[in-house]
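Each chain gets a letter, A, B and so on, in the order the sequences are listed, and its residues count up from 1. No hydrogens, no waters, no symmetry mates; every other heavy atom, side chains included, goes into these values.
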There are 2 protein chains.
Amino acid sequence: MAVTIRDVAREARVSVASVSRALNGHTSVTDETRQRITSIAARLRYVPHSAARSLITKRTQTIGALLPDLYGEFFSELIRGIDLAARARGLHLLVSSSHGDTDEAATALRAMQGRVDGMLILSPHVDAAFLRANLPESTPAVLLNSALKSPQFDVLNIDNYGGAHAMTRHLLDAGHTSVAFISGPEDNFDAQQRERGYREAMTAFAPKAAVKVVKGDFSEDSGYAAGRALAKGGKSPRAVFAANDMMAVGCLRAFTEAGLSVPQDVALAGFDDIPIARYVTPALTTVRVRIADLGRNALERVAIAIEKPNQQRRAAPTLACEVVVRASSGGH
Amino acid sequence: MAVTIRDVAREARVSVASVSRALNGHTSVTDETRQRITSIAARLRYVPHSAARSLITKRTQTIGALLPDLYGEFFSELIRGIDLAARARGLHLLVSSSHGDTDEAATALRAMQGRVDGMLILSPHVDAAFLRANLPESTPAVLLNSALKSPQFDVLNIDNYGGAHAMTRHLLDAGHTSVAFISGPEDNFDAQQRERGYREAMTAFAPKAAVKVVKGDFSEDSGYAAGRALAKGGKSPRAVFAANDMMAVGCLRAFTEAGLSVPQDVALAGFDDIPIARYVTPALTTVRVRIADLGRNALERVAIAIEKPNQQRRAAPTLACEVVVRASSGGH
DNA sequence: GTGCGCAATGTAAACGTTTCCAAGGGATAT
DNA sequence: ATATCCCTTGGAAACGTTTACATTGCGCAC
């Protein structure tokens, strides 16, 4: 039999109301009684029943995270950031991951209803219509890496554009006169932004150079295919920038097989700074994304939205990336 | 204002009790009324208030996962396995990660009290005394990868011993007459088991060969140091088995720097099959651990413990590993 | 026809909190 | 001395469910 507030009250010879007030830090209770109640509660190992509390306060002290089936390191870094921030605020984290399609995501979202005070959503399947259909009005939510541009929802993005822009510039600055790009999936928001960053940097810093884009889909295999296509006929560009690291790794393999050496014959760069990037030969120049920061930031935003429900949402700043120069780009 | 069971009852012209029974699949309700109630509930988008339900049923339909600050891929695979199994059972997942020390873990464990029906615990800081002090009697828990041998708690381990045993045998079978081992942290349970597997396999299959163990601590740097030590004086063994992949990667670097080529001069193997293993040159032979299965399995066990509280705990089977042969071991 | 049993439904208590409102009591101002 | 106010405390309602128990109505056996 668990110990309840009533047990504490009886032991302390006060009413349950006083116990509640004392433990929740209300002002109108004497220091002396508070002392007594606190110590007795501790002695009895009293833990307030969270369900009972939620029932009346309409707060669960829990944030839900809705995540797709995503890549290892990204996932854990994101959760780490969210978790750290949540813990700092005394919030719990309810996770639902591995959602492959829209239906699964909808089911998961609805299942969380009533169990969370706010939501963090990272999913390629989610758009404004989806949210209006599945997210209760009253639940604040922050969308991560989403193309959504609605004042109704809070969105937090990585600065894919800026990162790609900076990387393209780095490759040009390193003396590679022509830079080709391996793109990501067309419907992927991150991929679009990265391509835009590449294109605009090319226009800005190498207006005479040819803009060359080979299609990929973020998979290693697509990077390999792109690499073969680029190497064919010995007419490869001086540098290749892949929209993510996995494709860069695949591309590297294709180049090696084709007898091209990186970075002497052709420089190579990726995006994400996955752990593998450091260990391929040559080590991969890439763009590092502070994923944990993304998670932390997102949690802070949703926490604020919960505290001040009718606050105007400020435009979300994007999260900065940084160019990490390694051997594959030949710069140093 | 959220819609409650009362609203549904009013609309369907029945009592709240009937609504509850109909929605919870009790037998004693006519098909006709159940139909009516179900459709009305759907129309009103009624979602039972989970806190209210928990208050009376004493069930939260939530499992807590207490995890340390752990490595990317392992973490996400584990969560994926747990999450999949939880979803299949209609359970939610409350995650608390990144616990660096015992105190943090204790705080997190206590914070979950009352919010979860059962716990999954993976933490090097947790022992029997810790659990007795911080885990309520009534909360079923499954410990992952723990040395704990108490009938009081359910433990689920990876077959580190078997995996190491098999790998050692593989290296010997491939014709490498002497195999050295790079050990992990002394207080780490996984590391101990792996070393035992190595030692016993050596005794069994190469009784005349020297058993050589170099100390490491699972870090890449310690693997590098071990590699240097082994390469020194040109007296390196024919094969080296590192207790985890990161050390193997470090060792590989040391060998390469020392002018030893892998696998011609010396074969190399690791343990874990982290993603990097595939991408180093040469690709690393290693032991694959089905981490998602570990998570899935653990969740199943805790779910069963919740359903049948006073059931005798069956001895936990360990989870099988498999040897993954790549270029670094020279076998094929 | 009466009584009995069973199936379907309703009534209300219970779960453990928080919080509104009332009440007690001491200090202060009149 | 009395009225007033404020500070501390207590009583009780409310939150939204589930479920034990009561009630109703109906069919069936006698």
Start with the C-alpha distance between A:E300 and A:R89, add both sets of side-chain angles, then the distance that settles side chain to side chain contact (heavy atoms under 4.5 Å, CB included), and finish with yes or no.
CA-CA 9 Å; A:E300 292 295 335; A:R89 282 183 173 265; 2.8 Å; yes
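- Distances from the side chain of A:A17 to the nucleotides C:dT18, C:dT19, C:dA8 place C:dT19 closest.
- Atom CG in A:D31 sits about 9 Å away from atom P in D:dT8, given to the nearest Å.
- Here D:dT17 is the nucleotide among C:dG16, C:dT19, D:dT17 with the atom lying nearest to any side-chain atom of B:T4.
- Rounded to whole Å, atom C1' of C:dG10 lies 17 Å from atom CZ of B:R10.
- For A:S18, a side-chain nitrogen or oxygen approaches OP1 or OP2 of D:dG10 to under 4.0 Å.
- OP1 or OP2 of D:dT9 lies within a sub-4.0 Å distance of a side-chain N or O belonging to A:T33.
- With rounding to whole Å, B:R59 atom CZ is found 17 Å from C:dC15 atom P.
- Across the protein-nucleic acid pair, B:K58 atom NZ and C:dC15 atom C1' stand 6 Å apart, rounded to whole Å.
- Annotation: of the two residues near DNA chain D, B:V47 and A:V14, the 5′-most nearest-nucleotide partner is A:V14.
- Note on A:D7 versus A:R10: salt bridge recorded, some NZ/NE/NH1/NH2 to OD/OE distance being below 4.0 Å.
- To the nearest angstrom, P of D:dG11 lies 11 Å from CZ of A:R21.
- OP1 and OP2 of C:dA7 both lie 4.0 Å or more from every side-chain N or O belonging to B:S28.
- A donor-acceptor contact closer than 3.5 angstrom links the side chains of A:D117 and A:T60.
- Residue A:R13 contributes atom CZ, which lies 16 Å from atom P of D:dT9 at whole-angstrom precision.
- Of the possible donor and acceptor atoms, one in the side chain of A:N24 sits under 3.5 Å from a partner among the backbone N and O of A:S20.
- In the displayed structure, B:E307 atom CD is contacted under 6.0 Å by more than 12 heavy atoms of other residues, nucleotides or ligands.
- Rounded to whole Å, the distance from CD1 on A:I56 to P on D:dG16 is 9 Å.
- Side-chain proximity of B:I5 to C:dT19, C:dT17, D:dT17: nearest is D:dT17.
- Taking side-chain N and O atoms only, B:S15 has a distance below 4.0 Å to OP1 or OP2 of C:dG10.
- Nucleotide D:dA14 holds its P atom 17 Å from the CG atom of B:L55, rounded to whole Å.
- Considering only side-chain N and O atoms, A:S20 lies nowhere under 4.0 angstrom from the phosphate OP1 or OP2 of C:dT19.
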